[in-house]
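The structure appears below as structure tokens.
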Amino acid sequence: MESSLNLNHLKDGESAVIRSISADGALYHRLTGLGFRVGKAIAVVRHGRFKGPVQVRIGTTDIIMRRSDAEKIRIIATAAP
Amino acid sequence: MKRIALLGMPNTGKSTFFNRLTGASARVGNWPGITVDLLSAKIILGNMVAQVVDLPGIYSFHGFSEDEKVVRDFLESNPVDAVAIVLNAAQLDRQLPFALQVVRLGLPTVLLLNMADEARHLGINIDARKMSEILRIPVILLSAKYGSGFQHVTQNLARAISANVTAGAGDVEQAFAEDHQIEAKAADLLSAAVRSPKQLPENTSARIDRVLLHPWLGLPLFFLLMFLLFQFIFTLGKPMQDGVAWALTELRTLWLEPLMAGLPAFANGLLLDGIYSGVGTVAAFVPIIILFFLVMTLVEDSGYLSRVAFLMDALMARLGLDGRSFVMLLMGFGCNVPALMGTRVMRSRDLRLLTMLVIPFSLCSARLQVFLFITAALFTVETAPAVLFSLYLLSFTTALLTALAFKNRFVSNEPFVIELPPYRLPTWRQIGLRGWHEVRHFLKRASKFITAGVVAVWLLTHIPTDVPASSSETLAGYIAAWMAPLLSPIGIDAQLSLALIFGFVAKEIVVGSLAAIYGLEGDALMGLMAQKLDWVQAYSFMLFTLIYLPCLSTVATLRTESKSRAFMLGSILWSLLLAWLASFAFYQGARLFGF
Ligand SMILES: Nc1nc2c(ncn2[C@@H]2O[C@H](COP(=O)(O)OP(=O)(O)OP(=O)(O)O)[C@@H](O)[C@H]2O)c(=O)[nH]1
Ligand SMILES: [Mg+2]
């Protein structure tokens, strides 16, 4: 069960640790550039209405991404604060 | 000559730094991907002349979007003597690996940790000296926006270019090949020289976002904000515009007319009624346009554009576009050309093309001048703003309908992942630079296109000289007669159709040529127009002007950016068709209902 968790499973305000990034080539490099790295903590700030994008925070950087892209970020859930 | 390249991730302040270093006025904005082309300027460093090159931001050298290709092509085909890396000091955790990759190119490098002010605010403590010792390159903590930390910049850049290690960076690819050690090295550097607070306090941006990105209020607030800004420009700009128009009329009656009274009628007419009225009528809009761009600067620099992308992405996705496409539509309100170029950040060609297809419908500031002019002439002070606003809504509607019509021809599945920068406020200096930039831009257009356009229109309406001016026997009359079968069903008369033809070159010419055709300006011109046209015709004309064709520069940009003549022609045909249908439906519909 744990292994299939991805970013879309987090609710607003929840955070987790990035476990793997299953994106290819260009997207992988873009994500790395934006701070997505295995082992980094990531928090979901909010979701857009009407299945809109999700806003996440890694360190001091905020990023918005579509849910179809968020799916590619696999996570390890951390205990709720 | 020595060459210095500015490298860094998008939105780190490269252009701001470039402007401060060279005194240039590169476009700055709080949106990743404002710079999409090279810009260079020369400065004197020590006893040498150096060319500084501002480049688009890149996330890595593995990118393949057009803006990233610009950087790569530049580095591969131009020898560079030194590199200045610009990083966001508040985001070193993710940006340092990029810097280390650039350092590996082996060129003399200066590392600039920009936005020191923001890092300090967040409680991030950076030991630049330590970092410099470890990396063995100069590391400078600075704020390009406020100018702190600059005293060390020139001296270090001068030293870097005198090292004489020019490299054609043909080894770009190789330098970026393996990344594993870099990650570890960056982590070491970070722990040695940077101290960040464990828990970041909730900052102002996050608090503002709770309102502006509110699940229910977000979108209504966006439209409200747009409306308020529009009202602001209109209420403040209108008196300024009237003032300039009045001054220009006074100048004409008090000075120019007596001065030119001795000239032959033809020359007098061309100079006064043609050029002076034409260009003067357009010039009256300069204050309102400057005001408009100042507001645009405020919006672009605030960081709200990325929020708009967030709010609009869901809707845009259904139209085959994404949040960035919508932001480009908004930028198109200023001028369509930079908006078209801004699509370079998109990797997928289909997404880019679809976005480029909708941008020309964006009601740019030049079209705004035409509409301000006509609404002032034909609508009451109370209804004019509503009429104008309806045109903005129609501009969105035609853009979105176009996307809907073509989304199945341009299918893409481009990822949508962009950064959301903190809210920022432009400094007076930045606002001033932008205003000045727009004035210069206008003067350039006025001295070329606009003057040429009004002269051509005046000549066409006054040749041959032995028939009444603007009558059906002039050259203009023939052209209009030839266009009439197409344009009279949509309520556009002979004079207006001539204005439309030349309006293709630049939309300001529409206003300028109406002045030249009637040989009047200011209130007199508006009065005459009100006699000649009713509001249905006027609205139909505005509708047509909005949609029919973007200006020549936009069409040329469509061609170069799409690298396809067929695409450009297709876009033109579609706009013409849509414009005619929209005006026809409106004009005939209104007449049918007895207006
Ligand atoms: N607080 C602060 N903001 C800055 C500083 N330097 C630049 N900015 C702001 O950061 C934003 C981006 O600046 P730009 O100069 O356009 O950044 P860029 O690196 O050229 O961006 P791209 O062209 O998109 O790659 C703008 O809103 C600037 O006003 C700084 O030192 N401090
Ligand atoms: Mg820039």
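All chains are named by letter (A, B, ...) in the order of the sequence lines, taking the proteins before the strands, and each is independently numbered beginning at 1.
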field: Non-hydrogen atoms of B:Ala314 and A:Gly52 that approach each other most closely
entry: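 It is CB-CA, 3.8 Å.
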Smallest separation among heavy atoms of B:Arg347 and A:Ala26, with atom names: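 Taking B:Arg347 first and A:Ala26 second, the nearest heavy atoms are NH1-CB, 3.1 Å.
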Heavy-atom distance under 4.5 Å to chain B: side chain of [X], backbone, both or neither?
X: A:Arg67; result: neither
X: A:Leu27; result: side chain
X: A:Thr60; result: both
X: A:Val54; result: backbone

Between atom [atom1] of [X] and atom [atom2] of [Y], what is the distance when rounded to the nearest 0.5 Å?
X: A:Arg49; Y: B:Asp313; atom1: CZ; atom2: CG; value: 15.5 Å
X: A:Ile63; Y: B:Ser306; atom1: CD1; atom2: OG; value: 12.0 Å
X: B:Leu213; Y: A:Gln55; atom1: CG; atom2: CD; value: 6.0 Å
X: A:Arg37; Y: B:Asp93; atom1: CZ; atom2: CG; value: 8.5 Å
X: A:Asp62; Y: B:Arg307; atom1: CG; atom2: CZ; value: 7.5 Å
X: B:Glu414; Y: A:Arg66; atom1: CD; atom2: CZ; value: 9.0 Å

Residue part contacting chain A, namely of [X], when any heavy atom lies under 4.5 Å:
X: B:Arg318; result: side chain
X: B:Asn203; result: neither
X: B:Pro422; result: neither

field: For chain A, the option from B:Leu311, B:Asp209, B:Leu122 that forms the most heavy-atom pairs under 4.5 Å
entry: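 With the most close heavy-atom pairs to chain A, the winner is B:Asp209.
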- prompt: Is any side-chain heavy atom of A:Arg30 closer than 4.5 Å to a side-chain heavy atom of B:Glu68?
  reply: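 SC-SC contact between A:Arg30 and B:Glu68 confirmed.
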field: Side chains of B:Tyr59 and A:Leu34 in contact at under 4.5 Å (non-hydrogen atoms)
entry: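 Yes, side chains in contact.
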- prompt: Got a sec: does the OH of A:Tyr28 have more than 12 other heavy atoms crowding it under 6.0 Å?
  reply: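 Atom OH in A:Tyr28 is not crowded, with 12 or fewer foreign heavy atoms closer than 6.0 Å.
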query: Is it the case that more than 12 heavy atoms not belonging to B:Arg195 sit under 6.0 Å from its CZ atom?
result: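 Incorrect, the count does not exceed 12.
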field: B:Phe416 and A:Asp69: CA distance, side-chain angles, deciding distance, side-chain contact (heavy atoms from CB on, under 4.5 Å) verdict
entry: CA-CA 7 Å; B:Phe416 174 72; A:Asp69 301 314; 4.3 Å; yes
query: Out of A:Leu31, A:Val45, A:Thr61, which one racks up the most heavy-atom pairs below 4.5 Å with chain B?
result: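 Heavy-atom pair counts peak at A:Thr61.
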query: Does the pair B:Arg94 and A:Lys40 meet the rule for a side-chain contact (heavy atoms from CB on, under 4.5 Å), with working shown?
result: CA-CA 11 Å; B:Arg94 76 174 169 93; A:Lys40 278 259 172 192; over 6 Å; no
